[in-house]
There are 2 protein chains.
Amino acid sequence: MTMQVFGHKSPDTDSTGSPIIWAWYLNEVKGIAAEPKLLGEPNTEATFMLERWNLDKPEIISDVADGQPCVVVDTNNPAELPANINGADVQAIIDHHKLVGGLETKGPIDITIRPVACTATIMYDLIGGDVAKMPDAVKCAMLTCILSDTLEFRSPTTTDHDRKVAEGLAAELGISIPDYAAEMFAAKSDVSAFSDAELLRMDSKEYEVDGTKFRVSVLETTSPATVLDRKAALAEAMTTVASEDGVDQVLLFVVDILNEESTLLVPNDLVKAVAKKSFDADAGGDTVVLPGVVSRKKQIIPNLKV
Amino acid sequence: MTMQVFGHKSPDTDSTGSPIIWAWYLNEVKGIAAEPKLLGEPNTEATFMLERWNLDKPEIISDVADGQPCVVVDTNNPAELPANINGADVQAIIDHHKLVGGLETKGPIDITIRPVACTATIMYDLIGGDVAKMPDAVKCAMLTCILSDTLEFRSPTTTDHDRKVAEGLAAELGISIPDYAAEMFAAKSDVSAFSDAELLRMDSKEYEVDGTKFRVSVLETTSPATVLDRKAALAEAMTTVASEDGVDQVLLFVVDILNEESTLLVPNDLVKAVAKKSFDADAGGDTVVLPGVVSRKKQIIPNLKV
């Protein structure tokens, strides 16, 4: 059976690009028949990447069959994977998130988790000298993943190694990082086609604090006003999304990439208290600005209190 | 705080040697103060390795403090680790077992799991060119770990890569693998100092099949008769050990390293049924021979049925 390579259920750039990179490596270097897959519609930045470099959009799958050989990238969380993931034959995991402890494997497999900003950075290391054989379009995907996950090196998750790999690729490809990142972020910021509920679920992870279940959503944008213009409708949609998804509250952080700050929507007293306890921020109105906060992994989740 | 490097609670050669190898690497190559630790008394083969190459016996610790930085090697199973492991600051995991899914980490850390026979083989790859700086005694520990976990390449867990690394080290160190492995296995086979209960717990993993809890113990030896002479007393001790350890049955597989077969002790009808269903073996008396069975990971655990 052809190996399937996929990331998580809300495909951002890294979860769309990394399967393409790794499937290329398995096919062309390791001689293992492999196909990249998606577990949902890619976001606008990921779609931009596919179109910009003429990469085929991977097929979207809804589940995996029993015994299906697969490689899981950019997550190790069964909640973010197909329902039947523990029935599949997971042969490798490549990830840069904390170990959440829900995934079991039938035997010893290849697992590589590294505390870097991006899955593609780990793949660069694992592929080693064979990176030289990689087509330019796949190298461009690698560069895009790193610039996306690091917010062009602004995110505190960025390591020197992520930066070095990205700068090396850009130099080789003749791409100007500032110009290209601006193109990427403009694509990511074009959210006009999405409904309020879709925006709330686009880049979202569930997280529980002292018995309160949150959907922690972030929207990274160079145009926060475009999103904040919709704040009343978004606040209303939060109630429906929370109820449909079985959580107590949706938190939406609108991340202003260029100014390196977030605006948290404050639809009620619960979120007002969260803002105060987590970030010592006093929300006077229906939003509150959190200077310097751009990373859910490093700055939002670790500080979340109710 | 000094980094602690440790393996599992029943220190065999790999769980004794790998912490020594990795602590050397952290101290001497990465400039990180580190100490190897043990979570129990090392077995006779591991003790032989320490004495043969004048390596300091690591300190035995009973638990880890809150926030203690540590590297976990040769396991990812919280049941085989200190009680407070989820309170410690686990910074890396290097292992060659299946992911069991109980360990959580506070943030993204370095995790390297590979389907090879031995943790030391993975360390050889991770250390890379810096292996050249390794003192001979540490290289000898690395070789000993690989020969131990592969049973001198007889175990079906052995990969070409384990063999290649071990043969390379042996050639460089001027060690004859057959002669040295014979020394190691003789040391491992000298179990005269251990009580019956100690023998049952020496190299043992708990495993549940359809609600029946087993302690699956193996004794690898070049002198199976020495152990089998004690079979009546061992069978009696099984009842006490099972009750003290909260399992339904202890299974003892005496692995004859040189003849590549196991003898399973059959103290009762439950184990007789296990032998039949798992290995299609008819136990006429109080033992049954299982030809070719030498690996708990590859041959015993995956076949176990009740």
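We name chains A, B, ... by the order of the sequence lines, and we start the count at 1 in each one. These numbers come from a predicted model, not from an experiment.
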For this session: Could you point out which residue of A/Lys298, A/Lys297, A/Arg114 forms a side chain to side chain contact (heavy atoms under 4.5 Å, CB included) with B/Pro108?
Result: A/Lys297
Exercise. Yes or no on side-chain contact (heavy atoms from CB on, under 4.5 Å) for B/Ile93 and A/Leu99, after CA distance, side-chain angles and deciding distance?
Worked result: CA-CA 11 Å; B/Ile93 300 170; A/Leu99 194 62; 4.3 Å; yes
Exercise. Who wins among A/Val90, A/Asn76, A/Ile109, A/Ile122 for the most heavy-atom pairs under 4.5 Å with chain B?
Worked result: A/Ile109
Exercise. Is it the case that more than 12 heavy atoms not belonging to B/Lys305 sit under 6.0 Å from its NZ atom?
Worked result: yes
Problem set entry | Part of B/Ile94 lying under 4.5 Å from any heavy atom of chain A | neither
